[in-house]
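This report concerns only the one structure given below.
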Amino acid sequence: MNKPNILFIGAGRMAEAIFSGLKQSTTIGTITVSNQSDQSRLSHLKKTYNVETALWQEVIADHDVIILAMPPSAHPAVLSELTGRVRNQFIITVAAGIGPSVLEESLPGLPTAWIMPNTAADIGESMSLFACGRHVKPEHRDVLQTILDSIGESAELTEAQIHDLTAVTGSAPAFVYQMAETLEQTAKTYGLSSEVARKLVVQMIFGSASMLKDGREASELRDQVTTPGGATAAGLEVLEKGNYRELLYEAVLAVNKKAAEQAK
Ligand SMILES: NC(=O)c1ccc[n+]([C@@H]2O[C@H](COP(=O)([O-])OP(=O)(O)OC[C@H]3O[C@@H](n4cnc5c(N)ncnc54)[C@H](OP(=O)(O)O)[C@@H]3O)[C@@H](O)[C@H]2O)c1
């Protein structure tokens with residue numbers, strides 16, 4: 001696909017995160033953004049990012065890739081409207097729970113893909129999961145990878161795995177933020193200002209994540225800071241008594257149970 005034109009249906013946070021990154025790419029053609037009704041949002045995006053804005057129904061034929069960046073609840077109506085209007089475009093959704101099998105049901109024979117980013121897409125640091133439909137060819141994969149790279153890192157999984165693993169990439173950031181909030185509050189009880197408490201905690205998490213990203217094992221890094229019988233070990237013992245590992249595991253299961261209920 002030479003310089004594909006990309007149409008976004010949905011102009012919210014996720015669309016903005018993707019096209020703001022994509023604007024840096026030299027392998028993409030025109031980017032057009034549309035939404036349901038919020039004209040002031042479209043004007044703002046046009047002014048800020050120099051993207052085209054339009055009614056998607058009027059410009060769909062000029063685009064090679066269509067990114068559905070709207071809530072899952074909006075999909076059935078838009079997919080049924082797309083049915084009569086698409087030719088051989090590559091259809092990608094970022095909506096929770098809408099895998100390629102769902103897209104293929106409405107759009108048989110078309111190349112489709114599902115991207116599940118997380119909120120760090122806003123700063124180009126998403127860990128995005130993705131799955132491709134049955135009609136995706138290498139040329140589609142190339143443009144998909146460009147889109148994924150514009151918001152961070154990515155991993156291809158099966159559709160079923162994405163349903164289960166979104167808990168780890170999409171929801172677990174909330175677990176980390178909860179830990180950050182609690183440690184910040186604890187630091188303040190020792191007389192620190194909010195600003196200093198925040199700096200301490202943020203850099204601690206950033207440094208720890210960077211060590212992990214450097215390729216070192218979590219268990220090895222943990223043992224490095226834990227002298228047997230020492231002060232850190234006393235802290236870990238409290239976490240063990242509170243079943244910290246089991247709690248994290250159960251939290252992931254709870255996310256998946258709820259997501260499955262919501263998908264019904
Ligand atoms: N934000 C995240 O970090 C994140 C992460 C992973 C997955 N997701 C998935 O991505 C979806 C979108 O997220 P978001 O944060 O971008 O949502 P958002 O900021 O609420 O934006 C939703 C957009 O969809 C548009 N829209 C709604 N119904 C439409 C329709 N029938 N036709 C055309 N456009 C329509 C809205 O347009 P109007 O304003 O004109 O109604 C708005 O531009 C989420 O529902 C979620 O499933 C989001």
Side-chain angles (χ1 to χ4, degrees), residues 6-22 31-49 51-60 63 66-86 89 91-100 102-103 106-107 112-131 144 147-148 150-155 157 159 161-177 255-256 258-264:
I6 301 186
L7 170 65
F8 286 82
I9 304 182
R13 224 171 102 205
M14 192 41 65
E16 183 174 1
I18 297 174
F19 65 68
S20 61
L22 271 184
I31 294 175
T32 307
V33 183
S34 68
N35 62 6
Q36 189 174 32
S37 53
D38 187 347
Q39 283 307 310
S40 64
R41 169 83 179 150
L42 290 186
S43 305
H44 163 74
L45 294 174
K46 189 181 175 88
K47 211 162 113 196
T48 312
Y49 298 102
V51 289
E52 302 294 323
T53 56
L55 255 183
W56 68 262
Q57 291 90 342
E58 290 177 0
V59 297
I60 190 166
H63 292 81
I66 297 162
I67 301 183
L68 305 176
M70 63 216 182
S73 58
H75 275 60
V78 172
L79 284 174
S80 102
E81 217 185 323
L82 274 175
T83 311
R85 298 176 190 267
V86 286
Q89 285 100 331
I91 315 290
I92 301 169
T93 184
V94 300
I98 312 279
V102 178
L103 298 178
S106 298
L107 306 164
T112 62
W114 180 28
I115 301 178
M116 271 310 289
N118 64 25
T119 51
D122 278 359
I123 55 160
E125 290 291 351
S126 174
M127 179 61 235
S128 305
L129 307 178
F130 71 99
L144 180 62
I147 292 164
L148 289 161
S150 73
I151 48 171
E153 306 239 354
S154 57
L157 303 183
E159 186 170 335
Q161 284 172 324
I162 296 184
H163 285 295
D164 289 337
L165 272 307
T166 302
V168 172
T169 54
S171 300
F175 309 164
V176 175
Y177 299 138
V255 170
N256 286 340
K258 187 73 180 179
E261 280 166 20
Q262 286 172 334
K264 276 182 194 156

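In listed order, ligands and their atoms are each counted from 1.
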Closest heavy-atom contact between Gly99 and Glu159? CA-OE2, 3.4 Å
To atom 43 (O) of ligand 1, the nearest of Ser73, Ala11, Ser126 on a heavy-atom basis is Ala11
Ligand 1 contact on Val78 by region, counting heavy-atom pairs under 4.0 Å: side chain
How far is atom 45 (O) of ligand 1 from the closest protein heavy atom, and which atom is that? Pro71 CA, 3.2 Å
Counting from 1, what ligand 1 atoms have a heavy atom of Thr119 closer than 4.0 Å? 3 (O)
Would Ser37 count as being in polar contact with ligand 1, using the rule that some N or O on each side must be under 3.5 angstrom apart? yes
Distance filter under 4.0 Å to Ala95 heavy atoms, resulting ligand 1 atoms: 9 (C), 47 (O)
Which residues satisfy the side chain to side chain contact (heavy atoms under 4.5 Å, CB included) test with Ser106, sequence neighbours excluded? Leu79
Give yes if a backbone or side-chain nitrogen or oxygen of Met116 is under 3.5 Å from a nitrogen or oxygen of ligand 1, and no if not. no
Give the residue, atom name and distance (to 0.1 Å) of the protein heavy atom nearest atom 1 (N) of ligand 1. Met14 CE, 3.7 Å
Heavy atoms only: which of Ser40, Pro117, Ala120 lies closest to atom 5 (C) of ligand 1? Pro117
Once you round to the nearest 0.5 Å, how far does CH2 of Trp114 lie from CG of Leu129? 8.5 Å
With a 4.5 Å limit on heavy-atom distance, are the side chains of Arg85 and Trp56 in contact? yes
Checking a contact table here: which protein heavy atom is nearest atom 8 (N) of ligand 1, and how many Å away? Val94 O, 3.6 Å
In Å and rounded to the nearest 0.5 Å, what is the CD1 to CD distance from Ile151 to Glu125? 11.5 Å
List ligand 1 atoms under 4.0 Å from Ile9, heavy atoms only on the residue side. 33 (C)
Of all the heavy atoms in Ala69, does at least one lie under 4.0 Å from an atom in ligand 1? yes
Decide side chain to side chain contact (heavy atoms under 4.5 Å, CB included) for Ile147 and Ile6; before the verdict, give the C-alpha distance in whole Å, the side-chain angles of both, and the deciding distance to 0.1 Å. CA-CA 10 Å; Ile147 292 164; Ile6 301 186; 4.3 Å; yes
Validation row: Ile31, Tyr49 side chains within 4.5 angstrom (heavy atoms): no
Could you check atom 18 (P) of ligand 1 against the protein and tell me its nearest heavy-atom contact, residue, atom and distance included? Gly12 CA, 3.9 Å
Closest approach of Val102 and Gly97, non-hydrogen atoms and distance? CG2-O, 4.4 Å
For Pro72, is the nearest heavy atom under 4.0 Å from an atom of ligand 1? yes
Counting non-hydrogen protein atoms only, what is the nearest one to atom 36 (C) of ligand 1? Give residue, atom name and distance. Asn35 CB, 4.4 Å
Of the listed options (Gly10, Gly170, Ala15), which comes nearest to atom 25 (C) of ligand 1 when hydrogens are ignored and any heavy atom counts? Gly10
Nearest protein heavy atom to atom 31 (N) of ligand 1, by residue and atom, and its distance? Gln36 NE2, 3.5 Å
Please step through side chain to side chain contact (heavy atoms under 4.5 Å, CB included) for the pair Phe19 and Leu45, ending with a clear verdict. CA-CA 10 Å; Phe19 65 68; Leu45 294 174; 3.7 Å; yes
Mark up the atoms of ligand 1 that fall under 4.0 Å of a heavy atom belonging to Ala74, in ascending order. 28 (N), 29 (C), 31 (N)
Leu165, Thr166, Asp164 screened by side-chain contact (heavy atoms from CB on, under 4.5 Å) with Ile162, the one that passes: Thr166
For atom 14 (P) of ligand 1, is the nearest protein heavy atom closer than 4.0 Å? yes
Please assess Leu68 against Leu82 for the test side chain to side chain contact (heavy atoms under 4.5 Å, CB included), listing each intermediate value before the final yes or no. CA-CA 11 Å; Leu68 305 176; Leu82 274 175; 4.1 Å; yes
Would you say ligand 1 has an N or O under 3.5 Å from any N or O of Arg13? yes
Give the residue, atom name and distance (to 0.1 Å) of the protein heavy atom nearest atom 11 (C) of ligand 1. Met70 O, 3.7 Å
Near Asp38, which atoms of ligand 1 are under 4.0 Å from a heavy atom of that residue? 39 (O), 40 (O)
If you apply the rule side chain to side chain contact (heavy atoms under 4.5 Å, CB included), what do you find for Ile60 with Gln89, and how did you get there? CA-CA 9 Å; Ile60 190 166; Gln89 285 100 331; 4.0 Å; yes
What are the two closest non-hydrogen atoms of Ala95 and Pro71, and how far apart are they? CB-C, 4.4 Å
Please determine if Ala96 has a nitrogen or oxygen closer than 3.5 Å to a nitrogen or oxygen of ligand 1. yes
Report the distance from atom OG of Ser154 to atom CE of Met116, rounding to the nearest 0.5 Å. 14.0 Å
